[in-house]
Amino acid sequence: MVNRLAVFDCDGTLVDSQAAICRAMDECFSCHGLTPPHRQATRRIVGLSLPQIMRTLAPAADPDLQAALVDAYRVTFQRHRAEGLVEEPLFDGIAETVDRLENAGWLLGVATGKSDRGLRLCLERHRLHARFMTLQTADRHPSKPHPAMLQAAMAEAGAAPETTVMIGDTSFDMMMAAAAGAHALGVGWGYHSTDELRSAGAHGVVESPQDLTVWMERFTDGR
């Protein structure tokens, strides 16, 4: 029997982390004497790995400076977390959706641009860490939309592309799903628009976590 696997993005899908991300990004640019990117630009790259983020937000910087920005962001975000400045609240209805999917027999996973440490701390804060049987991060894989994270999740869960759904809020998630041959489900409460999600290959877009389970059944029962 091939398992059914629901893989969630984290930032913008499970949790609303934009304020914490933008605050850390502003500070790490400023500490290197650079003008911080517009916050809308920062929101749009959430989900990519940090090296890819800095190449996108600071394209004129040389590779050494881009690498320094990566390090500065990590240090800044960790300090902010230690100071109690990082709030990553679950979107309303996510905890209940995780319950419903698990009760319906889905295996659960996460594929995210976060680090291993950042993902663990985020999920543990919400008492969700143990609910996900496969956790794939940018520490061990190329940046989205490369399919490596999703492929590793399927292999670990004993799932196939046709029984796997990637759930995310960005075009990077939808393109990753397409590259891995999996179903792509966009969510309308995150950081990319519904039109962008559909253009990137979303098979559907839901506007609330409560709608997720209905769409998930559609993906795997052939409707």
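All values derive from a computational prediction rather than experimental measurement.
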* To do: Using a 4.5 Å cut-off on heavy atoms from C-beta on, say whether the side chain of Val15 contacts that of Pro89.
  => no

* Asked: Roughly how far, to the nearest 0.5 Å, is CZ of Arg131 from CG of Leu101?
  -> 10.0 Å

* Asked: Shortest non-hydrogen contact from Met174 to Gly186?
  -> SD-N, 3.7 Å

* To do: Answer yes or no: is there a donor N or O on one side and an acceptor on the other, between the side chain of Thr163 and the main chain of Ala159, under 3.5 Å?
  => no

* Structure fact -> In terms of heavy-atom contacts, Met149 and Ala138 come closest through SD-N, 4.3 Å

* Asked: Checking Lys144 side chain against Ala111 main chain: does a donor-acceptor pair fall under 3.5 Å?
  -> yes

* Asked: Mind checking whether Leu123 and Phe132 have side chains closer than 4.5 Å, heavy atoms only?
  -> yes

* Structure fact -> For Ser30 and Pro36, the nearest pair of non-hydrogen atoms, with its separation, is OG-CG, 3.4 Å

* Leu119 and Phe91: same hydrophobic cluster, using ILVMFWY side-chain contacts below 4.5 Å? -> yes

* Nearest-0.5 Å distance that lies between atom CZ in Arg100 and atom OG1 in Thr213 -> 5.0 Å

* Asked: Judged by atom type as modelled, is there a donor-acceptor pair below 3.5 Å linking the side chain of Arg23 to the main-chain atoms of Phe77?
  -> no

* Structure fact -> Output for pair (Arg198 CZ, Ser171 OG), nearest 0.5 Å, gives 14.5 Å

* Asked: Between Trp215 and Phe8, is there a shared hydrophobic cluster once you connect ILVMFWY residues whose side-chain heavy atoms come closer than 4.5 Å?
  -> yes

* Between the side chains of Asp169 and Thr13, does any donor sit under 3.5 Å from an acceptor? -> yes

* More than 12 heavy atoms of other residues, nucleotides or ligands under 6.0 Å from NE2 of His38: is that the case? -> no

* Would you call Glu207 and Trp189 a side-chain contact if the rule is heavy atoms closer than 4.5 Å? -> no

* **Donor-acceptor under 3.5 Å (His129 side chain, Cys122 main chain)** => no

* To do: Please report the closest heavy-atom contact between Ala41 and Pro37, naming both atoms and the distance.
  => CB-CB, 4.5 Å

* Asked: How many angstroms lie between CG in Leu185 and NE2 in His203, if you round to the nearest 0.5 Å?
  -> 10.0 Å

* Let me see the working for Glu27 and His80 under side chain to side chain donor-acceptor pair (under 3.5 Å), right down to the final yes or no. => CA-CA 10 Å; Glu27 186 170 325; His80 286 179; 2.9 Å; yes

* Asked: Can you tell me if Gln210 and Glu96 form a side-chain donor-acceptor pair at under 3.5 Å?
  -> no

* Asked: Taking atom types as modelled, is there a side-chain donor on Gln40 or Arg43 under 3.5 Å from an acceptor on the other?
  -> yes

* Might you work through the side chain to side chain contact (heavy atoms under 4.5 Å, CB included) test for Gln18 and Val46, ending with a clear yes or no? => CA-CA 8 Å; Gln18 62 174 307; Val46 172; 5.9 Å; no

* Asked: Should we say atom CD of Glu87 is surrounded by more than 12 heavy atoms from elsewhere, each under 6.0 Å from it?
  -> no

* Asked: Can you tell if the side chain of Arg39 reaches within under 4.5 Å of the side chain of Asp26, non-hydrogen atoms only?
  -> yes

* Asked: Cluster question for you: counting only ILVMFWY and a side-chain heavy-atom cut-off of under 4.5 Å, with indirect links fine, are Leu108 and Met176 together?
  -> no

* Compute whether any side-chain donor of one residue and acceptor of the other, for Gln151 and His141, lie under 3.5 angstrom apart. => no

* To do: Indicate whether the side chain of Gln78 and that of Thr76 have a donor and an acceptor atom separated by less than 3.5 Å.
  => no

* Structure fact -> Heavy-atom closest pair (Cys10 atom, Thr112 atom, distance to 0.1 Å) is CB-OG1, 3.7 Å

* Structure fact -> Closest non-hydrogen atoms of Ala58 and Leu69, given as atom of the first, atom of the second and distance, are CB-CD1, 4.0 Å

* To do: Answer yes or no: is there a side-chain heavy-atom contact under 4.5 Å between Met154 and Leu5?
  => yes

* To do: Answer yes if Leu50 and Phe29 sit in the same cluster of Ile, Leu, Val, Met, Phe, Trp and Tyr residues linked by side chain heavy atoms under 4.5 Å apart, and no otherwise.
  => yes

* Taking Asn3 for its side chain and Ala157 for its backbone only, find out whether a donor-acceptor pair lies under 3.5 Å. => yes

* Asked: Do the side chains of Pro51 and Gln66 get nearer than 4.5 Å, heavy atoms only?
  -> no

* Side-chain donor-acceptor contact under 3.5 Å, Asp9 with Tyr191 -> no

* To do: Decide whether Val165 and Val7 are clustered together by the hydrophobic rule: side chain heavy atoms of Ile, Leu, Val, Met, Phe, Trp, Tyr closer than 4.5 Å, transitively.
  => no

* To do: Evaluate whether atom CG of Asp99 has more than 12 neighbouring non-hydrogen atoms of other residues, nucleotides or ligands under 6.0 angstrom away.
  => yes

* Asked: Pick from Thr97, Asp173, Val187: which one makes a side-chain contact (heavy atoms from CB on, under 4.5 Å) with Ile167?
  -> Val187

* Any side-chain heavy-atom pair from Glu156 and Gln136 closer than 4.5 angstrom? -> yes

* Asked: Roughly how far, to the nearest 0.5 Å, is the CG atom of Leu128 from the CD1 atom of Ile94?
  -> 9.5 Å

* Asked: Does the pair Glu88/Arg81 count as a salt bridge with the N-to-O cut at 4.0 Å?
  -> yes

* Drop me the distance from His192's NE2 to Phe172's CZ, to the nearest 0.5 angstrom. => 4.5 Å

* **Worked verdict on Met54 versus Met25 for side chain to side chain contact (heavy atoms under 4.5 Å, CB included)** => CA-CA 10 Å; Met54 297 313 176; Met25 196 68 68; 3.5 Å; yes

* Asked: Is there a donor-acceptor contact under 3.5 Å from the side chain of Asp139 to the main chain of Asp116?
  -> yes

* Do Thr137 and Ser115 touch side chain to side chain, with heavy atoms closer than 4.5 Å? -> no

* Asked: Side chains of Glu196 and Ser193: do they bring a donor and an acceptor to under 3.5 Å?
  -> yes

